[in-house]
Amino acid sequence: MKRFLALLAAVAMVVVALQVRGRLQDGGAAARLVCAPEVAAACRALDERGGLEVTVEEAGRTERRLTDADVDRADPGLDGWLVPAPWPAMVDEARQRAGLPPVFAEITPALARSPLVMALWEDRARVLEAACGGAVGWRCVGEAAGGSWAELGGPGAWGQVKPGHADPDVSARGLLVLAQAAGDFLGGTNFSARDLQDDAFLGWLTELEQAMPSQLRTADSALEQMVRFGPAGADAVGALEAEAGPLLARSADRAGSLMLLHPDPVVTADVILAPLAGSAHQDRLRDLVGGADVAAALAAAGWRVQGRPPVPGVPSQLVLPGEPGLPSPGALAALRAVVQEVAR
C-alpha cells in the first residue's frame with residue numbers, strides 16, 4: 001500500500017508540473033526569446049525558469065535575419081529580442097527603406113543601462129595626454145593609431161599604437177563604441193550619414209580601423225584579450241562599463257595598471273525588449289523581462305539598474321544623462337557601412 005501511495009504521489013507531481021509548464025507556455029508553445037551576448041546573464045536567469053526557448057546571438061546576425069525581405073512576418077522565428085537599443089529600430093527602418101512592413105510591436109523603456117568606456121594602460125594614457133594636450137578620447141587615439149609610441153614621446157619598445165573594439169558589423173557594443181568614437185571626431189553624436197563622407201573623418205577612421213589587430217575585431221571580447229595578453233595585445237579598447245568594470249575588479253592581479261575612462265561624448269547602451277508584432281507572447285515576455293529576476297541578473301552582471309546598487313567596478317558617483325546620446329538608427333547603419341569599407 002505504501003508503494004502504491006508513493007507512486008500516486010509521484011504521478012500527481014508530474015501531472016501538476018506539466019500543467020504548470022503548459023500554463024507558462026501559453027497553451028504549449030514556448031515563447032522564443034533571442035538575446036544579444038551583452039545581456040546573456042539576464043537570458044540565463046529566464047532560461048532557468050522554463051517555458052522559454054532562449055537563444056543567444058550577436059545583434060548583427062539577428063538584425064540581418066529580420067531585415068531579410070523573405071522573412072515570414074507572421075512567424076519570423078522569435079517572439080522577442082532583448083538587446084541594447086537601437087538595434088530593433090535599425091531593423092524596422094531598414095525594412096521601411098526597402099518598402100517592407102515593420103516587425104516589432106511597442107518596445108519597452110530601458111531595463112538597464114551602461115555607459116561606454118575606454119580601457120587603456122596607465123603609462124600609455126600619460127603619453128597620450130601629453131601628446132594630445134588633454135584628456136584622452138577617441139579622436140586622440142585615432143590620430144595616434146598606427147603610428148609609433150616613440151613618435152608620441154613614449155618608449156620605442158612599445159611599438160605601434162594599437163586600438164581595439166568589437167566588430168561593429170555583428171556586435172551591439174562594437175557599433176556603439178564606433179558611434180562614440182565618431183561623435184568625438186565630429187563634435188557630437190547627432191551626426192548624419194552625409195557627415196560620414198567628410199574626407200578628414202574618413203582619413204581619421206581609416207587610420208583607427210586599420211591599426212586595430214585583427215584578432216581584437218574577431219574576438220568574443222577585445223577587452224578580455226587585452227587583459228589576457230597585456231600591452232602586447234592592445235593599448236586602448238572600447239567596451240561597455242558593464243563588461244569592463246566587473247572584469248577589471250575581478251582581474252586586479254592580472255590587469256595591473258589597466259584603467260577605465262568614460263570618454264566624451266557620453267554614450268550609453270540601454271537594454272530594451274522588442275516584442276514581435278503579432279506574437280501571442282508579447283505580454284508574457286514583457287512581464288518576465290520586467291521582473292525582479294532579470295533586474296537582479298542584469299545588476300549582478302554590471303549593468304546599472306534603477307533601485308539596485310552597482311557591483312564592484314561600477315562607479316556609483318557617475319551620473320548618466322537622461323538619453324543614450326546615440327545618433328539616429330539610419331546614421332548608425334551608415335556608419336557601419338563606412339567602417340566596412342575603410343577596414344578592408
Side-chain angles (χ1 to χ4, degrees), residues 33-44 54-67 78 80-94 103-104 107-119 138 164-183 189 212 216-224 237-247 263 266-275 289 294 297-298 301-305 320 323-340 343:
L33 180 66
V34 173
C35 303
E38 291 82 0
V39 292
C43 291
R44 285 193 293 270
V54 176
T55 302
V56 177
E57 181 178 61
E58 289 283 8
R61 296 190 174 94
T62 308
E63 178 210 21
R64 280 194 286 272
R65 288 195 290 112
L66 294 174
T67 53
L78 65 154
W81 192 14
L82 193 65
V83 65
W87 284 81
M90 290 172 63
V91 168
D92 277 348
E93 284 201 9
V103 293
F104 291 109
I107 294 169
T108 66
L111 303 167
R113 307 184 72 196
S114 177
L116 302 183
V117 296
M118 180 190 294
W138 279 109
H165 58 72
D167 184 356
D169 188 39
V170 297
S171 166
R173 66 184 181 278
L175 184 56
L176 298 188
V177 167
L178 256 295
Q180 183 181 51
T189 52
M212 186 180 357
L216 293 183
R217 185 184 295 273
T218 58
D220 291 338
S221 170
L223 181 63
E224 288 183 358
V237 163
L240 293 177
E241 180 194 71
E243 171 195 17
L247 175 62
V266 177
V267 171
T268 67
D270 291 8
V271 180
I272 55 173
L273 171 70
V289 170
V294 171
L298 288 169
W303 289 86
R304 294 169 180 260
V305 180
L320 299 185
E323 297 297 325
L326 288 168
S328 69
L332 272 176
L335 174 61
R336 183 173 56 181
V338 170
V339 170
Q340 289 171 346

- Note on the structure: Taken in chain and number order and not counting sequence neighbours, the residues that satisfy salt bridge (Lys or Arg N to Asp or Glu O under 4.0 Å) with Asp270 are Arg113
- Message: Looking at every heavy atom in both Ala85 and Leu326, which two are closest together, and how far apart are they?
- Response: O-CD1, 3.8 Å
- Message: Donor-acceptor pair, distance only, cut-off 3.5 Å: does the side chain of Thr108 make one with the backbone of Leu273?
- Response: yes
- Does any non-hydrogen side-chain atom of Val117 lie less than 4.5 Å from one of Leu240? no
- Item | Pairs meeting criterion salt bridge (Lys or Arg N to Asp or Glu O under 4.0 Å) with involvement of residues 325-335, two or more places apart | none
- Can you name the nearest heavy-atom pair linking Leu66 to Leu78, along with the distance? CD2-CD2, 3.7 Å
- Item | Counterpart residues, salt bridge (Lys or Arg N to Asp or Glu O under 4.0 Å), relative to Arg64 (two or more places apart) | Asp169
- Residues which pass side chain to side chain contact (heavy atoms under 4.5 Å, CB included) with Ala172, listed by chain and number, not counting sequence neighbours: Glu38, Ala59, Pro84, Trp87
- Note on the structure: residues 324-336 vs side-chain hydrogen bond (donor to acceptor under 3.5 Å, both in side chains), sequence neighbours excluded, gives Glu63-Arg336
- Item | Minimal non-hydrogen separation, Thr189 against Gly183, with atom names | CG2-CA, 4.0 Å
- Message: Measuring only between side-chain heavy atoms, which start at C-beta, is Val103 closer than 4.5 Å to Asp92?
- Response: yes
Just distance, no hydrogens or angles: give the donor-acceptor pairs under 3.5 Å from side chains in residues 174-181, sequence neighbours left out.
{"residue": "Gln180", "atom": "NE2", "partner": "Pro263", "partner atom": "O", "Å": "3.2"}
{"residue": "Gln180", "atom": "NE2", "partner": "Pro265", "partner atom": "O", "Å": "3.0"}

- Message: Tell me whether Ser114 contacts the main-chain N or O of Glu241 through its side chain, where contact means a donor paired with an acceptor under 3.5 Å.
- Response: yes
- If you take all heavy atoms of Val39 and Leu82, which pair is closest and at what distance? CG2-O, 3.4 Å
- Considering non-hydrogen atoms only, spot the tightest contact between Val56 and Pro37 and give its length. CG1-CA, 3.8 Å
